Amino acid sequence: MMNLRLLEPEDIPAVHELWREARLPVRPEGRDSPGSVAAEIEDGRTFYVGAFEGGRLVGVALGTDEGRKGWVNRLAVAPDHRRRGVAAALVAFCEREFLKRGRGLVCALVEEDNDASLALFRREGYVPRRDILYLRKALRGETW
Ligand SMILES: CC(C)(COP(=O)(O)OP(=O)(O)OC[C@H]1O[C@@H](n2cnc3c(N)ncnc32)[C@H](O)[C@@H]1OP(=O)(O)O)[C@@H](O)C(=O)NCCC(=O)NCCS
């Protein structure tokens with residue numbers, strides 16, 4: 001049986017392992033370092049939610065309340081647990097959390113060739129905007 005819970009800084013090594021398994025980039029020295037993640041969680045605007053089965057972390061999502069909207073980021077499910085509704089449950093958890101915080105709009109950034117993620121978000125009711133470009137700038141020389 002799957003259960004969902006908010007993650008703590010101690011869970012982060014397992015999150016890194018899962019992201020690697022799901023082929024998402026991990027920056028253990030940068031934004032994903034234990035110190036950065038602990039500060040993010042402490043700050044309260046960002047929450048990490050994990051899906052567990054038999055005590056094993058099999059899915060994760062990061063929710064960020066930017067003050068106006070909620071963002072779902074870094075969604076990943078272990079390859080051997082896909083197509084069982086884990087990601088959909090994580091997205092629904094984030095949506096409930098954002099509603100509690102008074103946010104009525106939730107967004108996600110998805111690479112345009114990520115068919116599985118696009119299918120998932122569309123199935124959950126997310127509508128793509130093709131007229132917007134994502135722009136970014138590194139202020140401290142970060143390598144994305
Ligand atoms: C994208 C990802 C998180 C989906 O996780 P998942 O737990 O398998 O998704 P779910 O089981 O909740 O899927 C719900 C629905 O989304 C759609 N969907 C999900 N994966 C799909 C796929 N590979 N192909 C087509 N549709 C898919 C289906 O409609 C699915 O419902 P169904 O299984 O009843 O047909 C997972 O494939 C993953 O971890 N990918 C690698 C990391 C990644 O790309 N993350 C997203 C970054 S934006």
Side-chain angles (χ1 to χ4, degrees), residues 1-129 132 134-140 142-144:
M1 211 188 68
M2 175 173 66
N3 73 301
L4 302 181
R5 69 163 169 84
L6 291 172
L7 300 180
E8 302 292 339
E10 307 79 79
D11 296 305
I12 296 308
V15 171
H16 287 184
E17 203 176 307
L18 181 53
W19 280 339
R20 288 197 184 95
E21 220 186 335
R23 301 190 183 284
L24 288 186
V26 184
R27 302 164 193 85
E29 311 299 328
R31 295 199 285 284
D32 301 321
S33 71
S36 297
V37 172
E40 261 183 316
I41 292 174
E42 172 77 15
D43 174 79
R45 281 174 296 183
T46 292
F47 57 91
Y48 287 70
V49 53
F52 291 83
E53 257 192 37
R56 175 186 161 208
L57 181 71
V58 297
V60 66
L62 193 165
T64 302
D65 176 2
E66 61 147 58
R68 290 177 168 223
K69 298 177 221 158
W71 289 86
V72 178
N73 293 312
R74 314 304 305 278
L75 179 64
V77 173
D80 60 351
H81 278 71
R82 290 186 186 163
R83 302 305 290 268
R84 298 191 199 173
V86 176
L90 288 164
V91 169
F93 185 104
C94 292
E95 291 173 359
R96 285 194 298 275
E97 186 61 32
F98 290 131
L99 271 177
K100 275 195 255 167
R101 293 167 181 241
R103 309 292 163 240
L105 187 62
V106 185
C107 315
L109 292 170
V110 180
E111 289 172 345
E112 65 180 350
D113 60 354
N114 191 337
D115 295 333
S117 187
L118 284 174
L120 173 272
F121 278 107
R122 280 175 188 266
R123 221 295 286 263
E124 297 311 307
Y126 290 71
V127 179
R129 289 277 309 259
I132 292 180
Y134 171 49
L135 292 107
R136 59 186 182 173
K137 176 179 175 180
L139 297 183
R140 294 175 309 194
E142 284 95 341
T143 52
W144 314 125

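Small disclaimer: the values here were computed from a predicted structure and weren't measured.
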Exercise for review: Any pair with a residue in residues 67-79 that passes salt bridge (charged side-chain N to carboxylate O under 4.0 Å, His left out), sequence neighbours left out, goes on the list, sorted by first then second residue, please.
Suggested key: D32-R74

Review point. Can you list every salt bridge (charged side-chain N to carboxylate O under 4.0 Å, His left out) pair that touches residues 106-117, not counting sequence neighbours?
Key: none

For the [atom1] atom of [X] and the [atom2] atom of [Y], what is their distance to the nearest 0.5 Å?
X: E40; Y: S33; atom1: CD; atom2: OG; answer: 9.0 Å
X: L18; Y: H16; atom1: CG; atom2: NE2; answer: 11.0 Å
X: L109; Y: N114; atom1: CG; atom2: CG; answer: 12.0 Å
X: I41; Y: L6; atom1: CD1; atom2: CG; answer: 9.0 Å
X: L75; Y: L24; atom1: CG; atom2: CG; answer: 8.5 Å
X: E66; Y: W71; atom1: CD; atom2: CH2; answer: 6.5 Å

Point to revise | Single hit among V49, V37, V15 for side-chain contact (heavy atoms from CB on, under 4.5 Å) with L7 | key: V15

Within-4.5 Å side-chain heavy-atom neighbours: [X] and [Y]:
X: I12; Y: P34; value: no
X: C94; Y: V72; value: yes
X: N73; Y: T64; value: yes

Point to revise | Residue pair Y48, E8: steps toward the side chain to side chain donor-acceptor pair (under 3.5 Å) verdict | key: CA-CA 8 Å; Y48 287 70; E8 302 292 339; over 6 Å; no

More than 12 foreign heavy atoms under 6.0 Å from [atom1] of [X]: is that the case here?
X: R45; atom1: CZ; result: no
X: E17; atom1: CD; result: no
X: E10; atom1: CD; result: yes

What closest approach, in Å, do [X] and [Y] show between heavy atoms, and which atom pair accounts for it?
X: R101; Y: G44; answer: NH1-O, 3.0 Å
X: P128; Y: Y126; answer: CD-O, 3.9 Å
X: M2; Y: G85; answer: CE-O, 4.4 Å
X: G50; Y: L57; answer: CA-CD1, 3.7 Å
X: L90; Y: A61; answer: CB-CB, 4.1 Å
X: P28; Y: R20; answer: CG-NH2, 3.8 Å

Review point. Could you go step by step and tell me if K100 and D65 meet the salt bridge (Lys or Arg N to Asp or Glu O under 4.0 Å) rule?
Key: CA-CA 11 Å; K100 275 195 255 167; D65 176 2; over 6 Å; no

Practice item. Check the pair E124 / V106 against side-chain contact (heavy atoms from CB on, under 4.5 Å), numbers first and verdict last. Key: CA-CA 11 Å; E124 297 311 307; V106 185; over 6 Å; no

Practice item. Determine, for R56 against E53, whether the closest basic-nitrogen to carboxylate-oxygen distance falls under 4.0 angstrom. Key: no

Exercise for review: May I ask you to check whether F93 and F98 place their ring centres under 6.0 Å from each other?
Suggested key: no

Exercise for review: Without swapping roles, check the side chain of R82 against the backbone of V77 for a donor-acceptor pair under 3.5 Å.
Suggested key: yes

Review point. Okay, side chain of R84, backbone of D80: is any donor-acceptor separation there less than 3.5 Å?
Key: yes

